[in-house]
Amino acid sequence: MSRIVVLGLLLGLAAASALFALGVGAAPVGFADAVAVAFGEGEPAQRAVVLGIRLPRVLLALLVGGALAAAGAVFQALLRNPLADPYVLGVSSGAALGAVGMMVFGAGAFAVGVEAGALAGALVAMVVVLRVALAAGRTLDTRVLLLAGVVVGAFFNAVILLLLTMEADAETFRSAVFWTMGSLARADLAEIAGLALFLGPCLLALGLLSRPLDLVAAGEETAGYLGVPVHRIKLAGYLVASLAVAVSVSVAGVIGFVGLIVPHAVRMLWGADHRLLLPASVLAGGAFLVLADTAARTVAAPAELPTGVVTALIGVPLFAVLLVRSSK
Amino acid sequence: MTEPPPPGHAVGSSGSLGRSSGEADRVLLEGTGLVCRYKGATRDAIRHVSVRVGPASVCALIGPNGSGKSTLVKLLAGSLAPDSGSVSYEGVPLSQWSPRDLARRLAVVPQSEHVPFPMTVRSLVSMGRYPHLGPWRRERPEDAQAIAVALSRCGLEAFADRPFQTLSGGEQQRTRIARALAQQPKVLVVDEPTAALDMRYEMAIFRLLRALADDDRVAVLIVTHNLNLATRFGDRILLLKDGAETAEGPPAEVVTAANISRAYDWPVTVATQSFREGKAPQVAPG
């Protein structure tokens, strides 16, 4: 299949899942109503549900799912490791520490406080991991970076557990655990617009790196001999992808598996060329997270499952099927 | 793969372009007085080695394990900076070349690198065009042409759409050489291309490299442990031991029983044999 066809197909899939997600939910507002609202009609109550509650979640899922999947693809390429995901360099642990710290020390009453804490934690983790990796060698050694990410992440997780056991009451403990499993329920449209304004340029920048990423993924040494400025490409890739992950996580919490599974699935289906892999991952990741989040808020309605749990529950079996079929 | 014409050093090959045009003395890639020590090491990995590689010739770099062959390749390729001495391409120090400009002239095939993702042979070979592409990196007809030529030169047409991972070791190695050919280089440096390959693939690769020198006037520098093929296909041999140049020159002068026994610390006998490529000293360990 040509690139245009694949991307068109995935764009259709993302649009269809968004439309589907707008039409289902706890409130008795169905498909037809959602379509009516989309055309500027419908009753005020229906408009409130579709535009006020469901639309922000759908948009947030598209953005966060797309960003995580693209970042996952970039990390896998730069670390030359199919097991890498957007969180492998410790960004999520830093974000979680920031968020939990805010909850434990009282600012948790304000959602903005938690998000700011998460963003700050993610950025601190990013800087610490890069500093450690760069201090260890003249150039950014992929293996050192991976180790630094894992170790710094483990340290942050230990601090989180320490905070939770020493300082947190039962309610804080519960919300901290929920936060780390990710949720798309918190977003409002203004925040989503801000996120889009930030993630758009990030994704474009990653797209500009796609050809060098192909070469680095196929072998760093050879890429250098082919004229790729390997060090600069790696640094730019890590920074931009980490920033995209940091802002996504600060808004949505740590939603797992999207960034690991989606790029793999796209590679299995359409190959490892980043000129296709990156945009396809953005669309497929967005569609996947929309569907997972729709399941999270509907299957046990009115109760809500953590989105990060649903992505794993749906994603892992789906991925296993793909894996078995592709290795035959 | 096509049958190679006789190499330049073979008997009666005075008609060979490399020798008759006076170009044999032209130097493309030159390393002078190279010294290199790795961080934390107690001795130099390379000690005052000089290398010159000219068009339409094959230079073979031989020496025991740990003698500094791969280090020398990295120095010549510019991925490692020497502690003293200098490397230049067409007289211009490597540091003054932009990586892209250099990659259009000098291709390096390092020892095999793991490819962690499914990629087809064609997509890997097309990466060789990277230094030639414009800012939007769109493939032009001449890029497609260069890729097709590289694939056919390495006998890979039938494998072009196969995933790299499903190929045999010999086919993978030919893919990596094809990627370097897609760069359309004037100098090709290949680090142990026949490690872990069987006799047939080994011969195929040496013949291919010889043909590149003879037909396409490429300057080939090959690192190898196969002394007998090095003498048979090489115009010049550089023998390294403990990072120093032990001998340099035509195969018959370098590959002698005395030189090889000393370098490898193992008794050998050397006898001259005739091949289609010409006469070449052949080494048998004692």
Side-chain angles (χ1 to χ4, degrees), chain A residues 3 72-84 136-139 141-143 146 207-233 263-277 281 322-323 326-328, chain B residues 39 70 73-74 76-81 97-120 122-139 161 163-166 175-177 179-180 182-183 185 187-191:
Chain A
R3 191 162 158 244
V74 170
F75 280 134
Q76 286 165 5
L78 289 178
L79 295 165
R80 297 174 26 80
N81 189 333
L83 288 178
R138 233 167 0 103
T139 56
D141 185 327
T142 294
R143 289 161 302 180
L146 192 53
L208 288 178
L209 295 180
S210 29
R211 196 55 184 153
L213 280 175
D214 284 341
L215 274 75
V216 172
E220 263 183 41
E221 197 180 352
T222 308
Y225 294 139
L226 286 166
V228 177
V230 176
H231 181 68
R232 268 187 286 159
I233 294 292
H264 270 296
V266 173
R267 262 194 219 98
M268 282 176 201
L269 292 169
W270 299 297
D273 185 332
H274 286 82
R275 287 166 295 189
L276 175 61
L277 176 60
S281 291
L322 261 182
L323 191 64
S326 77
S327 46
K328 261 179 194 162
Chain B
K39 214 167 83 181
S70 290
V73 163
K74 289 201 172 89
L76 291 172
S79 69
L80 194 64
W97 284 92
S98 84
R100 266 167 61 88
D101 285 342
L102 190 62
R104 281 183 229 153
R105 295 162 173 86
L106 168 67
V108 183
V109 182
Q111 287 186 28
S112 71
E113 284 186 288
H114 173 61
V115 178
F117 302 108
M119 293 184 188
T120 62
R122 186 192 305 281
S123 67
L124 276 168
V125 172
S126 73
M127 291 177 185
R129 296 308 293 167
Y130 181 80
H132 293 273
L133 298 182
W136 296 104
R137 309 208 169 96
R138 245 179 228 304
E139 254 177 35
D161 295 312
F164 179 74
Q165 283 81 359
T166 66
T175 303
R176 303 174 68 244
I177 293 176
R179 174 169 53 189
Q183 286 173 257
V187 178
L188 175 63
V189 178
V190 205
D191 195 354

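Residue numbers start from 1 in every chain, and the chains themselves are labelled A, B, ... in the order their sequence lines are given, proteins ahead of strands. Side-chain atoms are counted along with the backbone in the values below, which use heavy atoms only and exclude waters and symmetry mates.
With contacts defined as side-chain heavy-atom distances shorter than 4.5 Å, the pair A:L226/B:R179 qualifies. Contact of the A:D273 side chain with the B:S123 side chain is not registered, since no non-hydrogen atoms from C-beta on lie closer than 4.5 Å. With contacts defined as side-chain heavy-atom distances shorter than 4.5 Å, the pair A:P212/B:Y130 qualifies.
A cation-pi arrangement is present between A:R267 and B:F117 under the rule of less than 6.0 angstrom and at most 45 degrees off the ring axis.
Remark: A:H264 pairs with A:F319 by the ring-ring contact (aromatic ring centres under 6.0 Å, His included) rule, at least two apart or across chains. For A:E221, the salt bridge (charged side-chain N to carboxylate O under 4.0 Å, His left out) test picks out no residue, with sequence neighbours left out.
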>> side chain to side chain contact (heavy atoms under 4.5 Å, CB included), that's the test. Do A:V228 and B:R100 meet it? Break it down for me.
In response: CA-CA 7 Å; A:V228 177; B:R100 266 167 61 88; over 6 Å; no
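Annotation: the span from A:R275 atom CZ to B:R138 atom CZ amounts to 9.0 Å, rounded to 0.5 Å.
A:R80 contributes a side-chain N or O that, together with a main-chain N or O of B:H114, makes up a donor-acceptor pair within less than 3.5 Å.
Heavy atoms closer than 4.5 Å to chain A are found in the side chain of B:L124, but not in its backbone. Heavy atoms of B:T166 lying under 4.5 Å from chain A are absent altogether. Contact annotation for B:M119: only side-chain heavy atoms (C-beta onward) come within less than 4.5 Å of a heavy atom of chain A.
The residue among B:P110, B:P99, B:P118 with the most heavy atom pairs within less than 4.5 Å of chain A is B:P110.
Of all heavy-atom pairs spanning B:P116 and A:A217, the tightest one is CD-O, 3.3 Å.
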